Asker: 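Shown below is the structure under consideration.
Letters go in sequence order (proteins before strands), and every chain restarts at 1. A quick note: this is a predicted structure, and the numbers were derived from the prediction, not measured.
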Amino acid sequence: MSLTVVVSEPLVAGTNIIDDSLGYRAGSISFTVSAVGGYGPATLSLNTSQAEIDNWLESGLMRHIAIYDHALVLIYEGFVNSITANLGSLAVTRGPILDISNRVTVDYNSQSWNTNPPISGGPASTSVTNDTVSQDQYGIFEIVVSGGDGTSTEMDQLRDSYLAENSQPETSQQISLGSATAPSLVINCEGYYQILDRYFYTDVAAGGTENLSTKIENAISADPNSIFSTDFANIVTNTIAVSQYDDNNYTAYGIINDLVSRGDASDNRYLFQVFGSRICHYNAIPTTEKYNLSLSDPKQIIETAKGRTQVYPWNIIAGEWLFLSDFLIGHVDPTNLRDDPRAVFIEGFTFESPWTAKINGSKIGTVPQKMSKMGLGGI
Amino acid sequence: MTYQIPSIFELTDETTFIDLVHGANSIFMESWQPTAMTDKGGGVMASSPLASGSRLVFRTFANVVESLELYVSANSADAAIRRIQQIRRLMEKAMDYWATDHQHTPVYITAQGIGETNVRYGHVVRAVIANDAYPYGQPFKQADGRTVWKFPLKIEHLGWKDTVPGTGTAIETSAVEAYDGRNMGNVNSSGTRTPTTAQEVYFANKYAIANLTDIYIFDGTSFGSNLLDAGLPHDLIDKTPTLLDFTYFGIDTSLTDSGPFDNLVFNVGFAAVYDVGAGLTWQYYNGAWVTLTTIRDNTNGGTGVFDTAGVNSVNFDPPSDWTTTAINGITAYWVRLDVDTGEGSGITTIPTQVDRNVYSCVWPYIEVQSTEIAGDIEALGKLLLNNIADANAVSAIDRGYVQKTLIGVRSEDRGTGFRAFINLSDEQNGSDITISDATYASGVEAPTGRYVSFQAVGSGAATAAKITIDPPDAYFGRFRVLIRATLGGATHTFIQLKSSLGDDSKLLAIDQSSTVFFVHDMGEMSFPGTPPSPNDTFDKLVLTLEITASGAAAAPIKLYDIAFIPVDEWAGQFVGAVTGLIPQNLGESPDGNTQLVVDSVIEPRRYLRGLIQLVSNGEIIAMWESRGNGPLSFPASKVFRVYFFSYGGEPIAGNNAVPWIGMRTETEAQIRYLSMRADR
């Protein structure tokens with residue numbers, strides 16, 4: 001039984017398939033899914049030819065990676081964030097792509113140096129400048145650089161220098177003479193939710209308030225790369241009123257994080273996840289367990305709580321409850337799962353091929369949501 | 001320790017042949033203990049310190065590593081060295097096959113033991129001759145001038161197979177279903193199953209029961225007898241064609257599980273020969289007889305219907321205004337051939353049907369018998385799917401092209417009652433399946449002519465239909481579940497299938513952007529959850545189809561069927577890629593009629609490929625994205641079926657699956673053995 005890994009060109013470039021054979025060529029495959037964010041980091045490593053390594057180093061960043069399970073169902077989706085290749089004594093890394101910026105503005109405090117003492121003109125911003133070559137290749141990655149005090153000319157220069165030096169991914173090399181290795185490639189991916197943190201959400205058109213969930217949808221829709229789906233069927237309505245106006249240089253992810261951390265009117269915890277086809281999911285955490293694990297089962301498998309279906313290690317979903325069925329046997333069932341030491345809230349899980357699943361649990365409560373509403377959480 | 005000296009052990013790239021048994025190359029095998037194929041790394045074992053023992057939870061096969069002791073015997077040192085060089089070069093070539101992009105010739109072992117009937121083949125992956133002999137003394141310095149030099153050869157190869165790398169053997173397939181007391185499909189004139197290696201096995205994009213019940217020739221005056229009972233061969237039109245002649249093909253709607261149809265499969269013996277102006281025209285009844293325009297007639301090679309001998313089909317979109325009528329006293333869905341004798345001698349050769357009855361393909365599978373695939377483990381496979389329903393020239397049938405195909409294999413010993421499609425209909429599901437708690441409506445476009453019509457009257461979840469499978473055992477296993485529906489009002493927001501045995505499907509948002517025959521991918525479902533013990537007896541499996549609405553709907557959603565494509569044996573999905581702006585469809589693509597080749601045999605370096613070929617010349621015009629839970633694999637020594645579901649007849653993101661997609665297929669296999677082969 002094997003997984004299928006499909007590599008496509010970067011989403012901003014198109015949908016053409018580049019490779020669908022990594023599922024059986026890769027020496028190891030791992031990926032992480034989190035309750036907050038959804039699909040997260042993934043790593044594919046393989047021994048391969050120099051020609052293939054060259055191709056990945058040249059063109060591999062931001063490629064779209066999709067992983068399908070035994071039932072051909074999508075279980076992971078992300079983009080190539082960095083690539084590390086070993087070629088003899090050379091280890092070379094390209095990326096991470098998340099570190100690039102190809103749409104730059106500088107915020108600064110304007111200064112006039114023609115007077116003594118110099119006069120501060122107050123906060124100002126340069127115009128936006130773009131590297132469209134980089135944008136066509138990787139998508140738009142925005143940044144606002146803090147420029148300190150200066151003139152508009154100085155800040156324009158800073159902006160242009162920053163753009164010139166950061167619009168392409170870094171390449172770093174390490175040469176280890178005497179410890180040469182076989183040609184190999186490590187492809188490091190990230191989940192698309194990270195892209196939410198690379199553009200800013202602004203709404204200066206209207207004041208007043210809107211539903212919290214509507215603001216989440218608006219922040220997603222502002223994506224300049226059109227990576228995220230505008231199918232919001234999986235975003236549940238949350239009628240908590242929040243400010244519609246936003247002009248604080250917060251990224252979409254920062255805003256969404258803040259909104260999600262507020263929970264709902266009853267202070268229930270909510271989750272925000274980006275899953276297949278970049279469809280965003282926003283909903284309250286479940287109140288019943290989805291999975292069961294018996295510590296004394298020699299097979300060490302996770303089963304669904306309702307149907308007792310074996311869940312393969314690549315199929316676990318973060319943001320669900322796992323119940324340890326033979327731990328604290330006889331423990332009285334509390335009203336809330338959060339009060340039951342046998343219940344584990346899956347904050348994240350990592351699959352490592354061929355058959356390993358690592359699960360991180362966490363404590364769930366209402367206090368973080370209450371504090372967030374008071375402005376003590378989120379961003 | 002027992003050593004075996006085989007009667008054949010040869011290394012070859014089909015240009016160089018190094019016979020290690022008979023010494024044709026002056027190299028002889030002194031000893032070899034064959035290695036059997038075993039689990040890679042011993043498999044993955046799971047263990048809990050809290051429980052006794054451990055369990056095997058995951059396994060794959062490793063390559064086979066053979067260690068041979070060889071010796072070279074030559075009349076000079078140079079000759080001996082050259083022999084070894086020859087092996088080394090061949091082994092280099094073997095490894096370059098895998099490690100480079102320019103060496104495409106496989107090197108393999110041919111082996112056969114003494115007394116072993118059949119030859120087996122091992123595709124070389126890696127080989128090492130680690131040592132040479134001491135060059136300044138023995139063995140080079142022999143009294144008689146000969147050089148006899150022993151050396152070890154270690155060869156790593158893929159598991160043993162019945163054919164040379166890159167080749168398979170055609171296997172016989174078939175599909176047979178009974179209706180109205182007759183076996184339809186790949187049968188002989190007596191109705192007995194006759195599997196074939198030819199591209200004469202058809203499958204549909206639905207699973208209905210209704211099949212042809214009546215075929216009559218009207219000679220201008222009277223009707224003949226029902227040709228389905230007339231014996232074979234028989235004429236397909238009247239022997240003396242006149243303008244008043246017709247041949248009728250129908251399904252009697254007074255029968256249980258009857259309904260409309262969308263294709264006819266013929267085996268034409270004598271091909272029709274037409275004189276000037278003569279011809280046959282397909283018609284259907286909508287209150288009057290009118291020409292069937294949304295049609296692809298594969299029996300027509302260019303001069304007219306049945307002008308091509310052999311097995312071919314006629315495929316058409318069931319016209320929305322198609323109605324039943326009485327012909328020869330039989331009320332049925334009818335299509336007919338209208339005879340036109342033209343200005344000359346008319347139809348000078350009367351077409352005939354041979355070997356088997358004309359039938360309609362209504363099943364979504366092909367079947368392989370247990371004697372077809374020997375071997376110790378699953379065979380590697382190759383499938384060729386030829387879309388014979390799509391017709392670009394006919395706009396209304398354009399959705400007969402395919403951009404996604406889902407394929408699943410299921411062994412028959414898991415239950416013969418399994419039907420990969422359950423019709424959301426009050427008919428045509430077989431005796432084990434009952435649909436209830438539903439409102440039904442009629443529509444010839446539905447796979448059975450009937451469908452469940454659900455219209456939300458308010459907000460919230462409501463049952464659209466309940467499916468009871470009793471006994472449920474044939475449905476135990478893991479499936480990819482897809483629901484086919486035509487959307488109604490936009491207030492229908494979510495769809496879910498709830499299960500009484502196992503888990504519910506995910507709650508899927510209904511895509512409001514695409515409407516006709518839309519496929520809702522419910523993901524994987526498993527029944528009954530925990531794999532049952534053979535001693536377990538289950539009552540029944542009840543699946544409840546729920547539609548969630550945000551309010552009263554303006555129009556009903558039409559629910560046609562649910563596909564259960566098995567995924568716990570081999571399963572694969574093949575998705576069309578867009579090259580430039582041209583989608584390379586499976587069907588009559590812009591470049592011509594195409595076929596999908598699903599291959600794990602021809603190119604051993606790619607364990608699964610989906611190629612789009614032109615039917616006309618076999619040229620590849622696209623490589624589809626291939627997803628699989630392993631290489632295409634067929635069970636050994638078992639009856640099994642391969643199930644298909646095709647969709648995507650819209651722009652690339654589309655998920656529309658018309659029921660009248662039709663395909664025919666050819667199948668090959670490469671049989672695998674854990675070690676020696678014997679006579680299997």
Asker: Taking side chain as everything from C-beta outward and backbone as N, CA, C, O, which of these in B:T530 sits under 4.5 Å from a heavy atom of chain A? Side chain, backbone, both or neither.
Answerer: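 When you check distances to chain A, atoms from both the backbone and side chain of B:T530 fall under 4.5 Å.
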Asker: Among A:A66, A:P354, A:S294, which residue forms the greatest number of heavy-atom pairs with chain B at distances under 4.5 Å?
Answerer: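 If we count pairs closer than 4.5 Å to chain B, A:P354 comes out on top.
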Asker: Hey, which of B:A571, B:A509, B:S54 has the most heavy atom pairs under 4.5 Å with chain A?
Answerer: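 Max contact count across the listed options: B:A571.
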Asker: Measure B:V44 against the heavy atoms of chain A and call it side chain, backbone, both or neither at under 4.5 Å.
Answerer: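 The side chain, not the backbone.
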Asker: Which bit of B:P631 comes within less than 4.5 Å of chain A, counting heavy atoms only: side chain, backbone, both or neither?
Answerer: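 For B:P631, there is no contact with chain A at all, as no heavy atom is under 4.5 Å.
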Asker: Quick one: CG on A:D69 to CD on B:E524, what's the gap to the nearest 0.5 Å?
Answerer: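 These two atoms lie 6.0 Å from each other.
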Asker: Count the heavy atoms of every other residue, nucleotide or ligand shown that sit under 6.0 Å from CZ of B:R606, and state whether that count exceeds 12.
Answerer: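 It does: B:R606 CZ has more than 12 such atoms within range.
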Asker: Please identify each residue that fulfils salt bridge (Lys or Arg N to Asp or Glu O under 4.0 Å) with A:D136, with sequence neighbours left out.
Answerer: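 With sequence neighbours excluded, A:D136 shows a salt bridge (Lys or Arg N to Asp or Glu O under 4.0 Å) to no residue whatsoever.
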Asker: Supply the atom-to-atom distance A:N234 CG to B:K506 NZ, rounded to the nearest 0.5 angstrom.
Answerer: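 That separation rounds to 9.5 Å.
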Asker: Out of B:A51, B:S48, B:S633, which one racks up the most heavy-atom pairs below 4.5 Å with chain A?
Answerer: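 Most pairs with chain A among the choices: B:S48.
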Asker: Can you give me the closest heavy-atom contact between A:P298 and B:S52, atom names plus distance?
Answerer: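 For A:P298 and B:S52, the tightest heavy-atom pair comes out as CB-O, 4.1 Å.
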Asker: Is B:R478 in contact with chain A via its backbone, its side chain, both, or neither, using a 4.5 Å heavy-atom distance?
Answerer: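 Only the side chain of B:R478 comes within 4.5 Å of chain A.
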Asker: In terms of heavy-atom proximity below 4.5 Å to chain A, should B:F479 be classed as side chain, backbone, both, or neither?
Answerer: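 Neither part; nothing is under 4.5 Å.
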Asker: Non-hydrogen atoms of chain A under 4.5 Å away: do they reach the side chain of B:L406, the backbone, both or neither?
Answerer: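 When you check distances to chain A, only side chain atoms of B:L406 fall under 4.5 Å.
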Asker: What residue, out of A:L295, A:D326, A:L74, A:D19, has the most heavy-atom pairs lying under 4.5 Å from chain B?
Answerer: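 Heavy-atom pair counts peak at A:L295.
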Asker: Tell me which of these, A:S277, A:A71, A:S49, has more heavy-atom pairs under 4.5 Å with chain B than the rest.
Answerer: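 Top option by heavy-atom pairs under 4.5 Å: A:A71.
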Asker: Who wins among B:P49, B:G408, B:G502 for the most heavy-atom pairs under 4.5 Å with chain A?
Answerer: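 Most heavy-atom pairs under 4.5 Å with chain A: B:G502.
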Asker: Looking at A:Y68 and B:G628, would you say the former's side chain and the latter's main chain have a donor-acceptor pair under 3.5 Å?
Answerer: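 Side chain of A:Y68 to backbone of B:G628: no pair is present.
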Asker: In terms of relative ring orientation, are B:Y607 and A:Y24 parallel, tilted or perpendicular, with 30° and 60° separating the classes?
Answerer: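 Ring orientation of B:Y607 relative to A:Y24: tilted.
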Asker: Based on non-hydrogen pairs under 4.5 Å, which of B:S526, B:G53, B:G630 is most in contact with chain A?
Answerer: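 With the most close heavy-atom pairs to chain A, the winner is B:S526.
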Asker: Is there a side-chain contact between A:W355 and B:R59, using heavy atoms and a 4.5 Å cut-off?
Answerer: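 They are not in side-chain contact.
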Asker: Is there a donor-acceptor pair closer than 3.5 Å between any side-chain N or O of B:R627 and the backbone N or O of A:L72?
Answerer: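 Between the backbone of A:L72 and the side chain of B:R627 there is no qualifying donor-acceptor contact (under 3.5 Å).
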Asker: Can you tell me which of B:M45, B:R480, B:Q573 forms the most heavy-atom pairs within a distance under 4.5 Å of chain A?
Answerer: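 Option with the greatest count: B:R480.
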Asker: Determine whether a donor-acceptor pair (N or O, by modelled atom type, separation under 3.5 Å) exists between the side chain of A:S296 and the backbone of B:L50.
Answerer: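 Pair absent, no side-chain N/O of A:S296 close to backbone of B:L50.
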Asker: Against chain B, label A:V6 side chain, backbone, both or neither, depending on which of its atoms sit under 4.5 Å from a heavy atom there.
Answerer: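 A:V6 touches chain B through side-chain heavy atoms alone.
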Asker: Who among B:D521, B:L608, B:V567, B:D503 has the most heavy-atom pairs with chain A under 4.5 Å?
Answerer: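 Top option by heavy-atom pairs under 4.5 Å: B:D503.
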Asker: Are the side chain of A:D20 and the backbone N or O of B:S626 linked by a donor-acceptor pair below 3.5 Å?
Answerer: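 At least one qualifying donor-acceptor pair exists.
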Asker: Report, in residue-number order, which members of residues 299-313 of chain A are under 4.5 Å from chain B by heavy-atom distance.
Answerer: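 Contacts with chain B: A:K299, A:Q300, A:E303, A:T304, A:K306, A:G307, A:R308, A:T309, A:Q310, A:Y312.
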Asker: For the interface with chain B, which of A:S8, A:A233, A:A51 has the highest count of heavy-atom pairs at distances below 4.5 Å?
Answerer: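 Ranked by contacts with chain B, first place is A:A233.
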Asker: So what's closer than 4.5 Å to chain B heavy atoms on A:D297: side chain, backbone, both or neither?
Answerer: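 For A:D297, backbone heavy atoms alone lie under 4.5 Å from chain B.
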Asker: Within a reach of under 6.0 Å around CD of B:E603, are more than 12 heavy atoms found that belong to other residues, nucleotides or ligands?
Answerer: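 Yes, because the 6.0 Å sphere around CD of B:E603 holds more than 12 heavy atoms from other groups.
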